[in-house]
Amino acid sequence: MTLAPRITLNDGHSIPQVGLGTWPLDDDQAAAAVVHAVEAGFRHIDTAVKYGNERGVGHGIRASGAERADLFVTTKLDGQFQGNDRAVEGLEGSLRRLGLDYVDLLLIHWPLPSRGEYVSTWKTFERLQAEGKVRSIGVSNFKPAHLERLMAETDVVPAVNQIQLTPAVTRTAEREFHARHGIVTESYSPLGGSGAGILDAPVLARLAGKHGRTPGQVVLRWHVQNGLVTIPKTANPERMRENLDIFDFELDPQDLAELAALDEGPGAGNDSDVTGH
Ligand SMILES: NC(=O)c1ccc[n+]([C@@H]2O[C@H](COP(=O)([O-])OP(=O)(O)OC[C@H]3O[C@@H](n4cnc5c(N)ncnc54)[C@H](OP(=O)(O)O)[C@@H]3O)[C@@H](O)[C@H]2O)c1
C-alpha cells in the first residue's frame, strides 16, 4: 500500500499530496469509494456541500476503520452560505452530515466576485479556525486579484487555493503567485475531468510506454513533480491504487518538455469572474 507524502501548509498543518475527489458520487457511491480509498492508502478525501455526498463520505470514514487523526478531510462552503456570518451555519451543516467534530480544510468554493461577500466570509473562516472547528482554511477558484483583495483586507493568508489545473491548463502565473505568498496550489480535475480529457493525447501514450505506467499515472506524476496537491476522482479500487502508485518513477526534463506541448496557454480553463456557485 502506498501512502502519499505530506506537504506542510503555511499554518503548520500538513496535507497528503494526493487525495480522493468525490464529485459526482452520490452518498452510497461516496461511502463505498471512501472505504476502498482508505484500503488503497488514501488519507485525504475531498468533498463539498454542493456535491450532496457529505453524509456518504462520513459513513465511509467510519466504515473504513481509519483513525480520524490519520485522515485529512476537506469540504467547501457553498455560495448560499457566503456573507453575514452564514459560514457558521454552513460549516455546522457540513460537520453534522459528515459526523465529524472538525474538518481539516474548509474552502470557499467559488469567489463569486459580483456578490462581493468573500472578504466577510473569510473573516468568519478566521474565527471558525480560531475556535478549532476547522484546522486549515483556504479558497477555491480564486484568481490572483481575488487573493490580493483578501490578503489586503484580512489577517490570515489562505493555506490552499484549489483550482482547475492539468498539463493543458497549467495556470503558471497563478502558481507563481501562490508560491510567492506561501499558498499551496491544489489541482482539481487533474486528469482533465470526466468528459473528453487529455488522457488520449499521443504524448501520454508514449510516456506511459516509456515508463511502464498508464497515461493517468504520467499526468498525476506531472502534478506531484510540480509540487501540486491533487485530487483525482475514481470509484474504481484498481484505479485508486494506480493513482497513488506514482512515487517511484520520475519524468525527466525531456518528458516534461514534451508534456509542455499540451499547454493551451494562459486563457485556458474556467474563469471564476464569470462562473461559480
Ligand atoms: N473546487 C472545485 O470547484 C472543483 C471542481 C471540480 C472538481 N473538484 C474536485 O476535484 C475532483 C477531481 O476532479 P474531476 O472529478 O472533475 O476530474 P478528474 O479527477 O480529472 O477525472 C475524473 C475522471 O477520470 C477517470 N479516472 C480516474 N482515474 C483514472 C485513471 N487512473 N485512468 C483513467 N481514467 C481515470 C474517472 O473515471 P472513473 O470514475 O470511471 O474511474 C473520471 O471519469 C472532483 O471529484 C472534486 O472532488 C473541485
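Each ligand, and each atom within it, is numbered from 1 in the order the structure gives. Just so we're clear, the structure is a prediction, and the values are computed from it rather than from any experiment.
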Query raised in the report: Less than 4.5 Å apart, any side-chain heavy atom of Glu250 and any of Arg221?
Result: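 Yes. Closest side-chain heavy atoms under 4.5 Å.
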
Requested in this report: Answer with yes or no whether the side chains of Asn161 and Glu174 bring together a donor and an acceptor at under 3.5 Å.
Outcome: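 Side-chain D/A pair, Glu174 to Asn161: absent.
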
Query - Gap separating the OG1 atom of Thr170 from the CH2 atom of Trp222, nearest 0.5 angstrom - result: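 One gets 6.0 Å once the value is rounded to the nearest 0.5 Å.
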
Query raised in the report: Should we say atom CZ of Arg86 is surrounded by more than 12 heavy atoms from elsewhere, each under 6.0 Å from it?
Result: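 Atom CZ in Arg86 is packed in, count exceeds 12.
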
Query - Note: Asp248-Arg213 ion pair, threshold 4.0 Å (strictly below) - result: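 Salt bridge flag = yes for Arg213 with Asp248.
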
**Report entry** Protein residues having a heavy atom less than 4.0 Å from any atom of ligand 1
**Finding:**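 For ligand 1, the residues that come within the 4.0 Å heavy-atom cutoff are Gly21, Thr22, Trp23, Asp46, Tyr51, Lys76, His109, Trp110, Ser140, Asn141, Gln162, Tyr188, Ser189, Pro190, Leu191, Gly192, Gly193, Ser194, Leu199, Ile231, Pro232, Lys233, Thr234, Ala235, Arg239, Glu242, Asn243.
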
Considering only distance and modelled atom types, tabulate donor-acceptor pairs under 3.5 Å from the side chains of residues 100-107, sequence neighbours left out.
from: Asp104; atom 1: OD2; to: Arg68; atom 2: NH1; distance (Å): 3.0
from: Asp104; atom 1: OD2; to: Arg68; atom 2: NH2; distance (Å): 2.9
from: Asp104; atom 1: OD2; to: Val73; atom 2: N; distance (Å): 2.8

